[in-house]
Number of protein chains: 2
Amino acid sequence: MDKQCKINAFRIGLAQFVTFEENEWEILSQHLSFSTLKKKEHFIVEGKVCDYMCFIARGGVRYYHIKDGQEITGYFSFENELMSAYKSFLKRTPNTNYIQAIEETELVMISHQNLQHMLNHPLLALKMERFGRLVAEHYICCYEDRVTAFITQSPEERYTMLEKTAKDIFQRIPQHFIANFLGITPVSLSRIRKRTLLQ
Amino acid sequence: MDKQCKINAFRIGLAQFVTFEENEWEILSQHLSFSTLKKKEHFIVEGKVCDYMCFIARGGVRYYHIKDGQEITGYFSFENELMSAYKSFLKRTPNTNYIQAIEETELVMISHQNLQHMLNHPLLALKMERFGRLVAEHYICCYEDRVTAFITQSPEERYTMLEKTAKDIFQRIPQHFIANFLGITPVSLSRIRKRTLLQ
DNA sequence: CGAAAACGTTAACAAAAGATAAGGATTTAA
DNA sequence: TTAAATCCTTATCTTTTGTTAACGTTTTCG
């Protein structure tokens with residue numbers, strides 16, 4: 001996947017939030033960097049401060065915690081989505097989890113420093129603030145739904161819902177990661193699947 | 001509680017995100033409105049589009065869903081916090097839950113229309129965008145922690161943690177609301193409390 | 001290619017949570 | 001003030017989940 005192709009994907013992906021004019025894009029694109037993660041390679045590990053927010057041009061990652069020596073996968077991001085250890089990135093605090101590529105993954109990255117630079121750049125500030133706001137607001141809405149699911153639905157209902165709304169990820173992600181994501185154990189998910197099949 | 005007192009509380013509360021200069025504040029404060037909710041009065045009900053984002057100058061509210069005729073309380077907000085049905089407010093879609101005062105509650109409110117007006121106001125735009133961004137980012141961090149708790153902790157662990165970090169809300173909120181917030185039934189919370197006391 | 005690792009299912013048992021109902025204490029409101 | 005509503009606890013029973021381990025299959029990688 002060549003650089004120009006990644007940049008294009010990035011620009012299209014951003015259009016969901018803000019559209020940049022040519023002159024703005026000119027500046028912004030000079031503040032990007034690029035990286036590739038091999039499968040199982042980590043984007044960030046516990047204890048490090050996250051220095052980049054990324055756009056996934058290709059591939060996918062999982063977010064996981066380690067608790068009592070066990071990995072617990074809490075989330076996934078795939079191509080055309082943004083990805084970062086937000087809290088660490090935003091607050092400049094050590095990250096408390098891990099982000100790992102589950103496939104070969106191509107990233108377009110903005111360093112924290114470059115982002116600050118753009119937020120202070122007279123020609124870009126307003127649009128970058130808006131971009132940041134809209135991205136954050138978008139994720140708030142996602143989180144709202146996720147928390148609501150934990151509050152109002154049983155694990156079985158959460159599974160059924162996921163199957164309806166994102167069936168494709170079952171082809172792409174090991175089932176025990178999905179179990180974690182639903183807040184249950186892999187064994188329990190296996191049972192739920194059997195139950196819901198029989199009905 | 002008089003109006004000036006509410007405005008002051010609001011200004012101090014905002015300082016956590018952005019500080020407004022006198023001339024900016026002059027304009028902003030003309031875009032505010034005020035309201036009082038009596039105990040059990042609703043700020044918003046299911047199906048309505050939320051038109052205000054609020055600052056709670058005094059009092060508190062709970063957010064709840066109705067599922068199978070049952071109320072399930074998912075969150076609380078108290079004085080000096082912001083409060084809104086964010087997703088509905090941001091996306092202009094019908095709200096899917098209820099927000100109800102649990103005490104007599106004093107609000108400072110910004111209507112969606114006034115917010116847009118300020119976001120388009122040349123002297124205020126940048127700061128309002130930043131304000132919106134920082135608020136949203138702040139809530140993302142809160143949500144991140146909340147989801148992590150659901151993923152990595154048992155109900156009992158979530159309860160213990162809550163007792164450590166927010167003991168005060170137990171004096172202020174009926175226990176069955178807290179049970180919902182933890183993702184369990186009131187009966188189950190009562191059992192957990194007994195268990196953890198004995199140990 | 002072949003050994004090792006990863007993965008999903010199943011079983012058996014223990015632990016926890018849900019559902020329902022009852023009882024007593026407290027609060028609310030007419 | 002008194003009846004009604006709210007709230008928390010407890011008990012009982014059912015359902016679900018967690019835990020551990022075993023097994024067969026598939027995938028990974030040297």
Side-chain angles (χ1 to χ4, degrees), chain A residues 37-41 60 62 64-73 76 98 100-104 149-163 167 169-199, chain B residues 38-41 60 62 64-73 76 100-104 149-163 167 169-199:
Chain A
L37 299 175
K38 295 199 192 105
K39 187 170 179 174
K40 298 214 175 172
E41 193 176 341
R62 68 174 180 125
Y64 70 93
H65 286 78
I66 293 191
K67 194 199 176 191
D68 307 327
Q70 291 258 316
E71 296 183 1
I72 302 180
T73 298
F76 315 97
Y98 299 77
Q100 182 192 49
I102 51 183
E103 306 169 4
E104 169 129 342
F150 278 114
I151 292 292
T152 65
Q153 300 186 306
S154 67
E156 181 168 328
E157 288 170 318
R158 291 201 293 276
Y159 165 72
T160 309
M161 186 65 76
L162 185 67
E163 217 204 0
K167 191 148 196 172
I169 76 165
F170 286 85
Q171 264 80 59
R172 213 162 159 185
I173 294 176
Q175 192 173 301
H176 63 284
F177 289 167
I178 295 177
N180 293 162
F181 172 80
L182 292 170
I184 57 180
T185 61
V187 178
S188 190
L189 178 55
S190 185
R191 281 188 294 232
I192 287 175
R193 283 166 58 87
K194 190 176 182 185
R195 271 204 316 260
T196 53
L197 262 178
L198 298 178
Q199 280 157 19
Chain B
K38 294 196 194 110
K39 187 170 178 173
K40 298 213 176 177
E41 193 176 340
R62 69 176 179 123
Y64 68 93
H65 287 78
I66 293 191
K67 193 197 177 192
D68 307 328
Q70 290 257 318
E71 296 182 1
I72 302 180
T73 298
F76 316 96
Q100 184 192 47
I102 51 183
E103 305 170 4
E104 169 131 340
F150 277 114
I151 292 291
T152 64
Q153 298 186 306
S154 68
E156 181 168 327
E157 288 170 319
R158 293 201 292 278
Y159 164 72
T160 309
M161 186 64 77
L162 185 66
E163 217 205 359
K167 191 148 195 171
I169 77 165
F170 286 85
Q171 262 81 60
R172 213 163 160 184
I173 294 175
Q175 193 173 300
H176 63 284
F177 289 167
I178 295 177
N180 293 162
F181 171 81
L182 293 170
I184 57 180
T185 61
V187 178
S188 190
L189 177 55
S190 186
R191 279 189 295 233
I192 287 175
R193 284 166 59 86
K194 192 177 180 184
R195 268 203 319 257
T196 53
L197 261 179
L198 298 180
Q199 281 157 17

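Only a predicted model underlies this, so the values are computations on that prediction, with no experimental measurement involved. So that the names make sense, note that chain A is the first sequence line, chain B the second, and so on, each numbered from 1.
As judged by a 4.0 angstrom heavy-atom cut-off over every strand, B:Ser190 is placed among the base-contacting residues. Using a 4.0 Å heavy-atom criterion, one finds that B:Thr185 contacts the sugar-phosphate atoms exclusively. Nucleic acid contact for B:Pro186: none, since no nucleic acid atom lies under 4.0 Å from a heavy atom of the residue.
When distances are taken from the side chain of B:Pro155 to each of D:dT17, C:dT9, C:dA17, the shortest belongs to C:dA17. Considering only the side chain of B:Val187, D:dT10 comes nearest among C:dA17, D:dT17, D:dT10. Of the candidates D:dT28, C:dT10, D:dT17, D:dT28 carries the atom nearest the A:Lys39 side chain, counting heavy atoms from C-beta on. Closest approach to the A:His176 side chain among C:dT10, C:dA17, C:dG8 is made by C:dG8 (side chain taken as heavy atoms from C-beta onward).
To the nearest angstrom, P of C:dA17 lies 17 Å from CD1 of B:Ile72. Rounded to whole Å, the distance from CZ on B:Phe170 to P on D:dC7 is 16 Å. Distance B:Phe177 CZ to D:dC7 C1': 10 Å, rounded to the nearest Å. Whole-Å rounding puts the B:Asn180 CG to D:dT6 C1' distance at 15 Å. When the P atom of C:dA16 is taken as reference, atom CZ of B:Arg158 falls 14 Å away, rounded to whole Å. Distance, A:Ile102 CD1 to C:dC7 C1': 15 Å, rounded to whole Å. Look at CG on A:Leu189: it is 10 Å from P on D:dG18, rounded to the nearest Å. For the pair A:Glu103 CD and D:dT27 C1', the computed distance is 15 Å after rounding to whole Å.
Ion pairing of B:Glu71 with B:Arg62 is present here, as a side-chain N (NZ or NE/NH1/NH2) and a carboxylate O approach within less than 4.0 Å. With respect to A:Glu157 and B:Lys67, a salt bridge is recorded, a charged nitrogen being found less than 4.0 Å from a carboxylate O.
Counting distance only, with no hydrogens placed and no angle test, the side-chain atoms of A:Arg191 and the base atoms of D:dG18 include a donor-acceptor pair under 3.5 Å.
Contact between the side-chain N/O atoms of B:Arg195 and the OP1/OP2 oxygens of C:dA17 is found at a separation under 4.0 Å. Between A:Gln175 and the phosphate of C:dA6, there is no side-chain N or O to OP1/OP2 separation shorter than 4.0 Å.
Within the model, atoms CD of B:Gln153 and NE2 of A:His65 stand 9.5 Å from one another, a figure rounded to the nearest 0.5 Å.
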Output, in order, the C-alpha distance, side-chain angles, deciding distance and verdict of salt bridge (Lys or Arg N to Asp or Glu O under 4.0 Å) for A:Glu156 and A:Arg195. CA-CA 9 Å; A:Glu156 181 168 328; A:Arg195 271 204 316 260; 2.7 Å; yes

Indicate every side-chain donor-acceptor pair of residues 184-193 of chain A with a distance under 3.5 Å to a residue at least two apart or in another chain.
| residue | atom | partner | partner atom | Å |
| --- | --- | --- | --- | --- |
| A:Thr185 | OG1 | A:Ser188 | N | 3.2 |
| A:Arg193 | NE | A:Gln175 | OE1 | 3.3 |
| A:Arg193 | NH1 | A:Tyr159 | OH | 3.3 |

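A residue-by-residue look at B:Lys40 and B:Ser188 shows that B:Ser188 has its nearest nucleotide of DNA chain C further toward the 5' end.
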